[in-house]
Asks: 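Got a structure for you, questions after.
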Amino acid sequence: EIQLVESGGGLIQPGGSLRLSCAASGFTFSSYWMHWVRQAPGKGLVWVSRIDSDGSSTSYADSVKGRFTISRDNAKNTLYLQMNSLRAEDTAVYYCARGSWGFGNWGQGTLVTVSS
Amino acid sequence: QSALTQPPSASGSPGQSVTISCTGTSSDVGGYNFVSWYQQHPGKAPKLMIYEVSKRPSGVPDRFSGSKSGNTASLTVSGLQAEDEADYYCSSYAGSNNFVFGTGTKVTVL
């Protein structure tokens, strides 16, 4: 069974940093692109970032470019999202998702709240 | 990276059909056959319902179908059932390894 389990969310002050993790199991992690998608409370889904299977290529939404960094450790079957210079508008549930041209599997999400 | 445009809401009675549109541009929906659709129930993670415009993952009922014409993609749910009441989002590849989601549509089963 494919499982994606996010962790690392919490309450953080504006300007602070947080690192999210996504532990993957049930599939060959190193063969798949991975993504982060976020959803602000009561709002829609927003694509955040993508990383290819070996980590050599990454891409970001304009709203997080220069502040967020996606990475992966294929030996640990884990995806990461380093979030710096956090703003109130980054408050959201962050999901990791597996897939190339679509998002076939999703984790349960981890809530990040940016507030003083 | 503007969100794809979906109607805020759609509804139908049990057994009827409902179609949701997803309008983008030639740089996303119209430029690639990588449109996908997701169902999200309250408090739950999204679930893939359609990928590559019209393909259904295993386990998704054939009541769900997708299509595309120009810059607009569509999801049709036939034979509406109570459990189909949810939020639906489209997504498209937007070039340069970027992706974009739609604004979301709340489907109500009357």
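Chain naming here is simple, since letters A, B, ... match the order of the sequence lines and numbering starts at 1 in each. As a basis for the values below, the full set of heavy atoms in this structure was taken, side chains included, without hydrogen atoms, waters or symmetry mates. All of these numbers come straight from a predicted model, not from anything done at the bench.
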Asks: Which answer fits A:Val37, side chain, backbone, both or neither, if we ask what part of it has an atom under 4.5 Å from a heavy atom of chain B?
Replies: side chain
Asks: Are A:Trp36 and B:Tyr93 co-members of a hydrophobic cluster defined by side-chain heavy atoms under 4.5 Å apart?
Replies: no
Asks: What closest approach, in Å, do B:Phe99 and A:Ser100 show between heavy atoms, and which atom pair accounts for it?
Replies: CZ-O, 3.2 Å
Asks: Would A:Tyr60 and B:Asn98 count as a side chain to side chain contact (heavy atoms under 4.5 Å, CB included) here? Give the steps.
Replies: CA-CA 7 Å; A:Tyr60 299 91; B:Asn98 294 316; over 6 Å; no
Asks: Of the backbone (N, CA, C, O) and the side chain (C-beta and beyond), which part of B:Tyr38 lies under 4.5 Å from a heavy atom of chain A, both, or neither?
Replies: side chain
Asks: Please determine whether residues A:Met83 and A:Tyr80 belong to a single hydrophobic cluster, defined as Ile, Leu, Val, Met, Phe, Trp and Tyr linked transitively by side-chain heavy-atom distances below 4.5 Å.
Replies: no
Asks: What part of B:Ser96 gets within 4.5 angstrom of chain A, counting heavy atoms only: side chain, backbone, both, or neither?
Replies: backbone
Asks: Within the structure provided, determine whether B:Ser91 and A:Phe103 are in side-chain contact (heavy-atom separation under 4.5 Å).
Replies: yes
Asks: Do you reckon B:Phe34 sits in the same ILVMFWY cluster as A:Leu45, going by side-chain contacts under 4.5 Å, direct or chained?
Replies: yes
Asks: Can B:Tyr32 be reached from B:Val29 by stepping across I, L, V, M, F, W or Y side chains whose heavy atoms are under 4.5 Å apart?
Replies: no
Asks: Any side-chain heavy atom of B:Tyr89 within less than 4.5 Å of one from A:Gln39?
Replies: yes
Asks: So what's closer than 4.5 Å to chain B heavy atoms on A:Tyr95: side chain, backbone, both or neither?
Replies: side chain
Asks: State, yes or no, whether a side-chain contact exists between B:Ser36 and A:Trp101 at a heavy-atom distance under 4.5 Å.
Replies: no
Asks: Please classify the contact of B:Pro46 with chain A as side chain, backbone, both or neither, using a heavy-atom distance under 4.5 Å.
Replies: both
Asks: Out of curiosity, A:Asn105 CG to B:Leu48 CG, how far, rounded to the nearest 0.5 Å?
Replies: 8.5 Å
Asks: I need the minimum non-hydrogen distance between A:Trp106 and B:Ala45, along with the two atoms involved.
Replies: CB-CB, 4.1 Å
Asks: When hydrophobic residues are tied together by side-chain contacts of less than 4.5 Å, even through go-betweens, does B:Val77 share a cluster with B:Met49?
Replies: yes
Asks: In Å, rounded to the nearest 0.5 Å, how long is the span from CH2 of A:Trp33 to CG of B:Asn97?
Replies: 4.5 Å
